[in-house]
Amino acid sequence: MKILVCVKRVIDYNVRIQVRPDGTGVETANVKMSMNPFDEIAVEQAVQLKESGWADEILAVSIGTSQSQEVLRHALALGADRGILVRHDDALEPLAVAKMLAAIARDENPDLIILGKQAIDDDCGQTGQMLAALLGVPQATFASHIDVGDGRARVVREVDGGLETIEVTLPAVVTTDLRLNEPRYASLPNIMKAKRKPISETDAATLGVDAAPRLRVVSTLAPTSRKPGRRVSSIDELVAALRDEAGVL
Ligand code: AMP
């Protein structure tokens with residue numbers, strides 16, 4: 001069985017995001033970048049399925065600039081077998097990403113495709129759903145548990161009302177939620193081994209995808225800063241502050 005896992009290079013979740021002075025987006029120059037956290041969970045799931053004996057190959061795919069090689073190397077160090085980098089230097093929208101992933105999936109015929117439920121930079125949460133639609137395969141989004149076997153996957157989904165269990169036939173697209181697993185750290189020997197694993201390169205034109213943006217970002221604003229809070233020493237002082245300063249009573 002083959003698993004295709006999608007990994008995006010994003011601003012590290014610990015970085016304090018700065019909006020560019022001209023409002024055209026957020027500052028990415030000299031900023032620490034990492035693998036999207038939900039994609040680390042996707043890689044971990046793929047590795048666990050390989051360790052369980054169900055899968056025998058894990059292919060990691062990233063779309064972005066040449067620096068996206070870094071997240072592919074990280075995926076290889078975590079246990080993926082090979083990588084594909086789709087070189088694309090311009091802004092990307094989920095539909096273009098989904099079309100490129102679909103082109104690769106048609107070529108590679110994976111039994112399972114695992115993506116993050118969302119990329120923490122654009123928070124779109126659309127790519128997995130679009131990919132499933134383009135491929136005409138079932139989707140199980142926001143997975144917090146996956147059991148595979150017998151040409152099917154049983155997936156527990158995190159939904160507003162609690163947990164929903166669904167069964168999908170394979171091949172299928174699954175997107176990961178936070179509670180699916182705890183990603184491992186890459187060991188030093190595995191980081192060294194990953195340097196010898198193959199990464200091939202392609203691009204949108206070779207995949208036959210028109211990746212031109214359909215959206216224009218009109219402006220990007222930082223959240224307005226909040227007034228600092230203050231400690232009160234009694235309930236009376238709290239009530240007075242809520243009435244006189246905040247005007248909520
Ligand atoms: P989004 O729909 O942008 O929130 O992204 C959802 C998921 O799609 C991510 O967690 C990734 O697994 C995958 N994805 C999105 N963009 C890329 C990309 N440029 N390269 C690889 N995977 C991506």
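Read the numbers this way: they start at 1 and go in the same order the structure lists the ligands and their atoms.
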Check: Which atoms of ligand 1 are found less than 4.0 Å from any heavy atom of Q118?
Finding: 4 (O), 6 (C), 10 (O)
Next item on the list: Among all protein heavy atoms, pick out the one at the shortest distance from atom 19 (N) of ligand 1; state its residue, atom name and that distance to 0.1 Å.
Entry: I63 O, 2.8 Å
Checklist line | Which residue and heavy atom of the protein sit nearest atom 6 (C) of ligand 1, plus the separation | finding: G116 O, 3.6 Å
Check: Under 3.5 Å, N or O to N or O, is Q126 touching ligand 1 that way?
Finding: yes
Notebook entry, point to check: Below 3.5 angstrom, do we get any N/O pair linking G125 and ligand 1?
Noted result: yes
Item checked: Proximity to ligand 1 by part of V7, non-hydrogen separation under 4.0 Å -> backbone
Check: Going by distance alone, is a donor N or O of one side chain under 3.5 Å from an acceptor N or O of the other, for T24 and D22?
Finding: yes
Notebook entry, point to check: Can you list the steps and then say if E245 with R230 is a salt bridge (charged side-chain N to carboxylate O under 4.0 Å, His left out)?
Noted result: CA-CA 12 Å; E245 294 171 36; R230 77 177 165 87; 2.5 Å; yes
Next item on the list: Under 4.0 Å from a heavy atom of V61: give me the atoms of ligand 1 that qualify, with their elements.
Entry: 21 (C)
Note to self: Taking 4.0 Å as the limit for heavy-atom contacts, which would you say applies to N36 with ligand 1: side chain only, backbone only, both, or neither?
What the structure shows: side chain
Notebook entry, point to check: Under the 3.5 angstrom rule, does the side chain of D39 hit a backbone N or O of A42 as a donor-acceptor pair?
Noted result: no
Next item on the list: Can you spot which of R82, K50, K197 makes a salt bridge (Lys or Arg N to Asp or Glu O under 4.0 Å) with E57?
Entry: R82
Check: Where's the contact between D122 and ligand 1, heavy-atom distance under 4.0 Å: side chain, backbone, both or neither?
Finding: side chain
Checklist line | atom 16 (N) of ligand 1: the protein heavy-atom neighbour that sits closest, reported with distance to 0.1 Å | finding: K8 CD, 3.3 Å
Checklist line | Nearest non-hydrogen protein atom, atom 13 (C) of ligand 1 | finding: L115 CD2, 3.7 Å
Next item on the list: Would you mind checking which non-hydrogen protein atom is closest to atom 22 (N) of ligand 1, with the distance to 0.1 Å?
Entry: C6 CB, 3.6 Å
Notebook entry, point to check: With backbone taken as N, CA, C and O and side chain as the heavy atoms from C-beta onward, which portion of L101 lies under 4.0 Å from ligand 1: side chain, backbone, both, or neither?
Noted result: neither
Notebook entry, point to check: Just by distance, with hydrogens left out, do T165 and R154 show a side-chain donor and acceptor under 3.5 Å apart?
Noted result: no
Margin query: Return the CD to CZ distance between Q48 and R184, rounded to the nearest 0.5 Å.
Written below: 6.0 Å
Check: What atoms of ligand 1 come within less than 4.0 Å of a heavy atom belonging to C124?
Finding: 1 (P), 2 (O), 3 (O), 4 (O)
Notebook entry, point to check: Quick one: does S144's side chain have a donor or acceptor within less than 3.5 Å of a partner on D177's backbone?
Noted result: no
Margin query: Main chain of I11, side chain of D121: is a donor-acceptor contact present, judged purely on distance under 3.5 Å?
Written below: no
Check: Just by modelled atom types, is the G23 backbone N or O under 3.5 Å from a matching donor or acceptor in the T220 side chain?
Finding: yes
Next item on the list: If you have a sec, work out which protein heavy atom is nearest atom 9 (C) of ligand 1 and how many Å separate them, to one decimal?
Entry: D39 OD1, 3.4 Å
Check: Distance-only, no hydrogens or angles: does the R157 side chain make a donor-acceptor pair with backbone N or O of F142 under 3.5 Å?
Finding: no
